[in-house]
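In this text, all values refer to a predicted model and were calculated from it rather than measured experimentally. Indexing begins at 1, ligand by ligand and atom by atom, following the structure's order.
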Amino acid sequence: MPATAPVIDPAHAQPFYTHDEYLAAVARAQRAATAYHAGDVTVDDTTYDALVARIAATEDHHPAWQSTSSPTRVVTGAGGDVPHGTPMLSLDNVFDEDGLRGWAARLHKAVGQRVAQYTVEPKIDGLAVAAHYTDGLLTLVATRGDGRTGEDVTAQARLVAGLPRRLTEPVTIEIRGEVFMTDADFATANEIRLAHGEPVFAHPRSAAAGTIRAINRGYDVPLSFLAYTAVGVPDEHAAAHSTLIGYLAWLGVATTAQSSAGMVVGTSIDEVVDNVAALGARRGQLGFAVDGVVVKANFAADQQAAGESSRAPRWSVAYKFPADTRATTLLRIDVQVGRTGLITPVAVLEPVQVGGVIVASASLHNFVDLVLRDVRVGDTVFVRRAGEVIPEITGAKLDERPETALPFEPPAVCPRCQGEIDRSQKRWRCLRGRACGARESLLYYAGRDAMDIEGLGDKVVDSLIAAGLVTDPADLYELDAPTLARLDRMGAQSAANLVANITASKLKPLSRVLTALGVRMTGRSLSRRIARHFGTMDAIRAATVAEWELVEGIGAARAQVIVAELAELAPVIDRLAAYGVGMVEPGSPALDTTETPSAATLPLLRRDGTPMTVVVTGSVPGLSRTEGNEAVEVLGGRSAGSVSKKTDLVVVGDGAGSKADKAAELRVPVLAGDRFAELLAAHRAGKHKQARQILRTAQR
Ligand code: IVH
């Protein structure tokens, strides 16, 4: 199953208390569904599904209340002029593995025997259409509508890739599938809209729904189609769903099976569960939006035995993913200046759960797009998080814009250095480029918890930048004493000391270098963990996103940011390495050393090779806070920030506060700060036995 939890669980939905509340909810669902099928999303998917779940829960409690227009009974949506010879049904939804297995069990019962094969294919987030071919020629395309009648959208069918005008055979057949817009076409479509002075589409689904029924638009935007079933298929091609889909592909129509998501046949529900999870994991990389997976009994015989209700077939089910697009409020637009001087707008959002994670900020790409799209603070915006990709704002709901919302004013000068902005490209930059952030990044690099270069304070950094001697940390290693001595207020002795301190910093371990580089989304303790995990800078730079995810505390989104940051920092890292700055983490288990670290030599490593979790609180003689945490790792342990039942040891130095009390309360062993300093000294001197003895003096 996908790692992310379902957003709602209908089994635990709260029923409505009164009949009136129930009827109002049915009416609300009807309105939302009608708007949805017209391409106007008034509530997002998760909210709609939650409403339907409450309606269903109410009907379970009060079967007599059930309304004939309940979304649990009818296919929702507004009808049209074109009758469907065979109703276009909807699908029942499940939201987790239990739901899927429950469906399979009911199917087994309905069929009277185990279903021999299942198919798993993408549930495309578009709108259903029926394409009628007569003697191989496309004659009519109709939307699903209310399932019985739909709207004629034949005029726009010429825009739809995957729906040919002529089939490879002169057959008469009705092909059903989904019209949608790919992610790439969505970007193109919005460029076209902007060029025509029209507001951008809020998201791919509404873009597809709006476009397929658009009449007399002065421009065309691309659409796509994927077939998932057909009516009137010759018997020899209709024995199984997979055969039928193969036949449609042979006729020249694009099918779900041919899409980047593909279709797989499985012989057991266990296999189906795995296939659903596999497709869920690829969700962000398909190039188009899928809101779930559709599972079907493959054989027509099983399908017939299972039958269907007035709303949905019993032989198929939709496994819904947590919605990847949600509506939320845009609270603020921040302007960020990156390391290279790139200036970008970032949306600060009312936190919302998207695709299983809480999202509170999202990309707005660039100022040109932002101004053209006219997204405003206070707007209800759609935020989409497709798989691993950083969340983005796809558009705003214009009809919900507060009257007070003002257009966004892009910055007139660089918000960091107040300098001029280079606007020659879509992505704006501070004209000073890397030099714009030099002061901050150099001070951070030299800081006590980073490379700890004494004598490199803000005044010296300011003079170095003003003299044009440094713009990034690697420049520091080029400085010599005579050059430094020429700076204002810098004597020969201080210059010599500073050069010595800069040179000494080359001996720092990789964890310090990583910290000092200020890689976004990493801090001191994560930098240490990363350095220990990979051992060398080369290994870090070669790591794929999947390998990054093996580091505790790093998920896909964070991994992506780190990989991008490291790529941006590559020139600086290369130069630092060339100057001999440490690119190795001594003691990392990843290093291929002859003396592998063992419990015998590392007092905080257990015999089974797992590190003890240690919290250092208060001050340990001779060590800064960072050095205290580093020492834990040098000794084979894992440093943690808070005390819990899982903590193995708390080092209590002078001035320790609540963490020491917590340790006492939870009866976690405690070692005094000075004893810990002795333990470290013994370890450094190679006196492993003595080190272990000191550890044994830890008291509960
Ligand atoms: S099969 C009789 N397969 O999802 C079965 N539907 O929520 C008809 N959809 O109305 C549906 N991808 O518009 C099927 N691979 C797929 C689908 C799919 C998207 C849509 C379809 C249907 C809706 C139900």
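- By the salt bridge (charged side-chain N to carboxylate O under 4.0 Å, His left out) test, R176 is found to be paired with E174, residues two or more places apart in sequence or in another chain being considered.
- Q303 and H241 are not linked by any side-chain donor-acceptor pair at a separation below 3.5 angstrom, with hydrogens and angles left out of the test.
- At distances below 3.5 Å, not a single donor-acceptor pair connects side-chain atoms of T182 with backbone N or O atoms of G287.
- In this view, R148 satisfies the side chain to side chain donor-acceptor pair (under 3.5 Å) rule with no residue, not counting sequence neighbours.
- Side-chain atoms of L251 and Y133, non-hydrogen and from C-beta on, never get closer than 4.5 Å to each other.
- Not counting sequence neighbours, the partners of R401 by the salt bridge (charged side-chain N to carboxylate O under 4.0 Å, His left out) test are D374, D379.
- The residues lining ligand 1, counting any heavy atom closer than 4.0 Å, are L89, S90, L91, E121, P122, K123, I124, A128, R144, E178, Y228, T256, V294, K296, P313.
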